[in-house]
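The structure that follows is given in the form of structure tokens.
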Amino acid sequence: MDTTRRRRQPALVRAALLDAAVQEAMVHGLGNVTVLSVAERAGVSKGALFHHFGNRQELLEAAYAECLARFGDALDVLVATDPVPHGRFTRAYVRATFEAMHAEDANWARFSLSALVEPAFAALWRHWLDERLAQVPAERGAPRLRVARLAADGYWLQALGGGLVESGPAGIDALRECVVSFTYDDGQSIAADR
């Protein structure tokens with residue numbers, strides 16, 4: 001992309017830098033991400049990077065926040081299309097987690113694993129989830145819904161490690177629907193969600 005045109009499109013430059021940071025983390029590991037490597041991958045100068053982000057940590061935290069925003073957007077679409085009120089957020093959480101791990105470009109989902117080793121990312125994740133659960137207080141502590149969210153988190157971790165490949169698409173779909181079944185009140189049918 002032409003740098004003259006980019007200068008007039010700061011949102012495009014910022015998005016390219018965030019994507020480059022995620023790609024660098026996936027290729028070289030989070031600890032090896034440098035501002036120079038991110039700037040080069042994004043096709044901008046270090047000065048342009050520092051125009052948008054004060055330092056490496058700020059860049060990486062912004063990339064993680066973007067990761068959460070993308071997940072949140074996917075969740076919102078699923079929540080909006082779910083006709084069953086009870087467990088709606090948790091069903092969307094489970095489905096969005098499974099879908100993210102099998103997206104064509106799953107690097108953003110894989111980048112979310114950084115929360116396991118980066119305390120600042122873990123804090124962003126906790127804050128994001130607390131805010132989301134505050135919007136659905138009935139779901140926060142409901143045992144079956146909590147089990148479903150924890151199972152989705154376990155799937156996310158297992159899938160990131162390359163596990164479950166042997167299950168194939170049908171096995172993964174069956175696993176997802178098994179987890180989703182925990183989000184319904186006793187006596188409700190999964191068919192109500194289809």
Strictly below 4.0 Å, N to O, side chains only: are R91 and E177 in salt-bridge contact?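 A salt bridge is absent here (no side-chain N lies under 4.0 Å from a carboxylate O).
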
Partners meeting ring-ring contact (aromatic ring centres under 6.0 Å, His included) with F98 (sequence neighbours left out):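 Per chain and number, F98 pairs via ring-ring contact (aromatic ring centres under 6.0 Å, His included) with Y155.
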
Among residues at least two apart in sequence or on other chains, which ones pass salt bridge (Lys or Arg N to Asp or Glu O under 4.0 Å) with R88?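 With neighbours one apart ignored, the set is empty.
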
Using the test side-chain contact (heavy atoms from CB on, under 4.5 Å), find all partners of A148 that sit at least two apart in sequence or belong to another chain.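 side-chain contact (heavy atoms from CB on, under 4.5 Å) check on A148 returns T90, V94, V179, F182, T183.
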
Between E61 and A120, is there a donor-acceptor pair closer than 3.5 Å when you use the side chain of the first and the backbone of the second?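 No.
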
Of all residues at least two apart in sequence or in a different chain, which pass the ring-ring contact (aromatic ring centres under 6.0 Å, His included) check with W128?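 F71, W125.
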
Is it the case that atom NE2 in H102 sees more than 12 heavy atoms from other parts of the structure closer than 6.0 Å?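 Counting neighbours around NE2 of H102, more than 12 heavy atoms of other residues, nucleotides or ligands fall under 6.0 Å, so yes.
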
Which residues pass the side-chain contact (heavy atoms from CB on, under 4.5 Å) test with A109, not counting sequence neighbours?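 In terms of side-chain contact (heavy atoms from CB on, under 4.5 Å), with neighbours along the sequence ignored, A109 is linked to A100, M101.
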
With A92, which residues qualify under side-chain contact (heavy atoms from CB on, under 4.5 Å), at least two apart?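 Result, side-chain contact (heavy atoms from CB on, under 4.5 Å) vs A92: L75, L78, V79.
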
In terms of heavy-atom contacts, does CZ of R146 have more than 12 from other residues, nucleotides or ligands at under 6.0 Å?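 Count not over threshold, so no.
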
Sort and list the pairs that fulfil side chain to side chain donor-acceptor pair (under 3.5 Å) and have at least one residue in residues 40-55, not counting sequence neighbours.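 Output for this query lists E24-R41.
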
Would you say R176's side chain and T97's backbone share a donor-acceptor pair under 3.5 angstrom?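 No; zero donor-acceptor contacts below 3.5 Å.
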
List in chain and number order the residues that pass salt bridge (Lys or Arg N to Asp or Glu O under 4.0 Å) with R14, two or more places apart in sequence or in another chain; answer none if no residue qualifies.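 Once residues adjacent in sequence are excluded, R14 has no partner under the salt bridge (Lys or Arg N to Asp or Glu O under 4.0 Å) criterion.
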
Taking only distance into account, with no hydrogens and no angle test, what donor-acceptor pairs under 3.5 Å do side-chain atoms of residues 27-36 form with protein atoms, sequence neighbours excluded?
from	atom 1	to	atom 2	distance (Å)
N32	ND2	H28	O	2.8
T34	OG1	S37	N	2.9
T34	OG1	S37	OG	3.0

Is the NZ or CZ atom of R144 both under 6.0 Å from the centre of the six-membered ring of Y184 and within 45° of that ring's axis?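 So R144 doesn't make the cation-pi contact.
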
Considering residues at least two apart in sequence or located in another chain, which fulfil the side chain to side chain donor-acceptor pair (under 3.5 Å) criterion with Q23?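 Scan of Q23 (side chain to side chain donor-acceptor pair (under 3.5 Å), adjacent residues dropped) gives D19, N107.
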
Got a sec, which pairs hit salt bridge (charged side-chain N to carboxylate O under 4.0 Å, His left out) with one end in residues 115-126, sequence neighbours left out?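 Of all non-adjacent pairs touching residues 115-126, none passes salt bridge (charged side-chain N to carboxylate O under 4.0 Å, His left out).
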
Mind checking salt bridge (Lys or Arg N to Asp or Glu O under 4.0 Å) for D153 and listing every partner two or more places apart, or none if nothing turns up?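 Partners of D153 under the salt bridge (Lys or Arg N to Asp or Glu O under 4.0 Å) test: none.
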
